[in-house]
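Numbering of residues begins at 1 and proceeds along the displayed sequence. Because only heavy atoms are used, hydrogens play no part in the values below, and waters and symmetry mates are left out as well, while side chains stay in.
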Amino acid sequence: MSQGEAHRPRSTASLIVLGAAALAVFLGLLALGIWQVERRAWKLDLIARVDQRVAAEPVAPPGPDGWARVTADQDEYRHVRISGRFLNDREAQVTASTMKGAGYWVMTPLQADDGTVVLVNRGFVPTENRDPATRAAGQMEGPLTVTGLLRITEPKGGFLRSNDPAAERWYSRDVAAIAAARGLTDAAPYFIDADATPNPGGLPVGGLTVIAFPNSHLVYAITWFGLAALLAFGVGYAVRSERRRESSLRRRDA
């Protein structure tokens with residue numbers, strides 16, 4: 001390639017292609033940034049709604065007529081209260097990792113006066129207390145009242161570990177699977193995390209619900225908008241450089 005060819009201006013067609021590609025990437029980055037801004041607004045609204053639910057006075061959880069309409073967006077972490085009797089002989093222990101260490105969640109069916117059943121996460125017990133016989137004082141039957149937070153079922157299992165009902169290995173609070181394994185009918189599709197009201201004997205330990213919603217959307221939005229700005233700057237710089245080069249070539253050839 002000769003020196004003249006090396007400094008020859010780019011063709012109009014190549015400039016159009018490069019410009020169209022840069023514009024497409026720029027618009028894509030803007031779209032990602034706008035999406036993150038919208039996600040942040042949704043997340044902040046969700047946090048506000050959950051905070052309001054948790055702080056509200058407890059209400060009765062949805063009954064059978066409303067079970068089909070229960071959703072995470074509308075109902076999770078709702079402050080509820082229910083009365084009935086624990087079916088202690090049908091409890092299930094679900095693997096748990098908490099601020100108190102490793103152990104199990106004690107999932108006990110509570111049968112309400114109308115015959116319906118709601119699984120109650122009564123709280124945490126350490127591994128050495130998985131056997132109900134080691135915490136007999138806490139095996140209350142009732143009638144009693146439980147106050148806590150409505151939670152949405154956790155189907156199938158935990159990370160890389162599937163529930164194995166036959167072997168009594170539970171890695172998630174899968175309401176339907178636990179109900180089926182325990183022969184429960186008319187079971188609600190949600191469960192309730194019991195509050196921190198002490199149980200006789202000190203176990204299980206309730207009130208350990210972790211409410212946390214990661215909210216890094218602003219950082220992501222700034223990142224996408226920043227990349228869009230850098231791209232725009234780079235394209236502008238390239239255009240100015242190309243114009244200066246063209247002007248220099250025209251002066252040289254004059």
Are Asn163 and Ser172 close enough that a side-chain donor and a side-chain acceptor fall under 3.5 Å?
yes
Out of curiosity, Tyr104 OH to Phe124 CZ, how far, rounded to the nearest 0.5 Å?
10.0 Å
SB check Arg173 Glu154 (cutoff 4.0 Å):
yes
For Leu150 and Pro62, work out which heavy atoms get closest and say how close.
CD1-CD, 3.5 Å
Test log, rule side chain to side chain contact (heavy atoms under 4.5 Å, CB included), inputs Leu208 and Trp105:
CA-CA 10 Å; Leu208 298 180; Trp105 298 120; 4.0 Å; yes
Can a donor-acceptor pair be found, under 3.5 Å and without considering hydrogens, that links the side chain of Arg135 to the backbone of Asn129?
yes
Do Leu227 and Leu27 sit in the same hydrophobic cluster, where Ile, Leu, Val, Met, Phe, Trp and Tyr count as joined when their side-chain heavy atoms come under 4.5 Å apart?
yes
Heavy atoms, side chains only, cut-off 4.5 Å: are Val118 and Phe191 in contact?
no
Measure the shortest side-chain to side-chain distance between Trp42 and Val37 over non-hydrogen atoms and say whether it is less than 4.5 angstrom.
no
Is atom CD of Gln52 surrounded by more than 12 heavy atoms (other residues, nucleotides or ligands) closer than 6.0 Å?
no
Is it true that, when you exclude Arg169 itself, more than 12 heavy atoms of the residues, nucleotides or ligands shown sit nearer than 6.0 Å to its CZ?
no
Apply side chain to side chain contact (heavy atoms under 4.5 Å, CB included) to Asn88 and Arg122, showing your working.
CA-CA 11 Å; Asn88 290 307; Arg122 298 191 60 205; 4.3 Å; yes
Please name the pair of heavy atoms, one in Trp170 and one in Ala92, separated by the smallest distance, quoted to 0.1 Å.
NE1-CB, 4.1 Å
Quiz question: by atom type and distance under 3.5 Å, do the side chains of Glu91 and Gln93 form a donor-acceptor pair?
yes
Once rounded to the nearest 0.5 Å, what's the spacing between atom CG of Leu119 and atom CZ of Arg182?
9.5 Å
Can you tell me if Trp224 uses its side chain to pair, donor with acceptor, with the backbone of Leu30 under 3.5 Å?
no
Which label fits Tyr237 and Phe233: parallel for a plane angle under 30°, tilted from 30 to 60°, or perpendicular past 60°?
parallel
Would you say the side-chain atoms of Arg40 and Gln36 include a donor-acceptor pair closer than 3.5 Å?
no
Full working for side chain to side chain contact (heavy atoms under 4.5 Å, CB included) between Arg49 and Asp45
CA-CA 6 Å; Arg49 285 187 282 119; Asp45 178 67; 2.9 Å; yes
Say whether, by atom type as modelled, one donor and one acceptor occur between the side chain of Asn199 and the main chain of Pro204 under 3.5 angstrom.
yes
Less than 3.5 Å apart, any donor N or O on the side chain of Asp114 or Thr116 sitting next to an acceptor on the other?
yes
Are any side-chain N or O atoms of Ser216 and backbone N or O atoms of Val219, one a donor and one an acceptor, separated by less than 3.5 Å?
no
Please answer: with hydrophobic residues joined when any side-chain heavy atoms are less than 4.5 Å apart, are Val235 and Val17 in the same cluster?
no
Any donor-acceptor N/O pair, Arg53 side chain to His79 backbone, under 3.5 Å:
no
Starting at CD1 of Ile152, measure out to OH of Tyr190 and round the result to the nearest 0.5 Å.
9.5 Å
Using salt bridge (charged side-chain N to carboxylate O under 4.0 Å, His left out), reason through Glu57 and Arg78 one step at a time and then give a plain yes or no.
CA-CA 10 Å; Glu57 288 297 313; Arg78 193 175 298 281; over 6 Å; no
Spell out, as yes or no, whether a donor-acceptor pair under 3.5 Å connects the side chain of Asp174 to the backbone of Lys156.
yes
Tell me whether Arg39 contacts the main-chain N or O of Leu218 through its side chain, where contact means a donor paired with an acceptor under 3.5 Å.
no
Flag the pair Arg90 / Gln111 as yes when at least one side-chain heavy-atom distance between them is below 4.5 Å, and no otherwise.
no
Does a side-chain heavy-atom distance below 4.5 Å link Val80 with Leu149?
no
Does atom CD (Glu128) have a neighbourhood of more than 12 heavy atoms from anything else shown, all under 6.0 Å?
yes
Is Ile47 linked to Val210 within one hydrophobic cluster, defined over Ile, Leu, Val, Met, Phe, Trp and Tyr using a side-chain heavy-atom separation of less than 4.5 Å?
no
Shortest non-hydrogen contact from Thr145 toward Ser83
OG1-OG, 2.8 Å
Shared ILVMFWY cluster between Leu231 and Trp35, side chains joined below 4.5 angstrom?
no
Decide whether Arg81 and Thr147 meet the rule of one side-chain donor and one side-chain acceptor closer than 3.5 Å.
yes
State whether the side chain of Tyr220 and the backbone N or O of Leu32 hold a donor-acceptor pair below 3.5 Å, judged by distance alone.
no
Would you say that Val94 contacts Ile178 through its side chain, given a criterion of any heavy-atom pair below 4.5 Å between the two side chains?
yes
Quick one: pull up CZ in Arg85 and CG in Leu144 and give me the separation to the nearest 0.5 Å.
8.5 Å
Do Leu46 and Tyr77 land in one hydrophobic cluster if side-chain heavy atoms of ILVMFWY residues count as linked below 4.5 Å?
yes
Using every non-hydrogen atom in the two residues, find where Gly158 and Tyr171 come nearest and quote the distance to one decimal.
N-CB, 3.7 Å
Give a yes or no on whether the backbone of Val175 and the side-chain of Thr153 come within a donor-acceptor separation of less than 3.5 Å.
yes
Do the side chains of Leu110 and Leu87 get nearer than 4.5 Å, heavy atoms only?
no
Considering all heavy atoms of both residues, which atom of Ala112 and which atom of Ile82 are nearest to each other, and what is their separation?
CB-CD1, 4.5 Å
Is there a side-chain contact between Pro126 and Lys100 (heavy atoms, below 4.5 Å)?
no
Side chain to side chain donor-acceptor pair (under 3.5 Å), that's the test. Do Thr197 and Asp195 meet it? Break it down for me.
CA-CA 6 Å; Thr197 301; Asp195 65 15; 2.8 Å; yes
Return yes if some donor-acceptor pair links the side-chain N/O of Asp131 with the main-chain N/O of Thr134 below 3.5 Å, else return no.
no
Side chain to side chain contact (heavy atoms under 4.5 Å, CB included) between Asp186 and Val117: does it pass, once the steps are laid out?
CA-CA 6 Å; Asp186 293 325; Val117 173; 5.7 Å; no
Side chains of Asn121 and Ile192: does their closest heavy-atom pair fall under 4.5 Å?
no
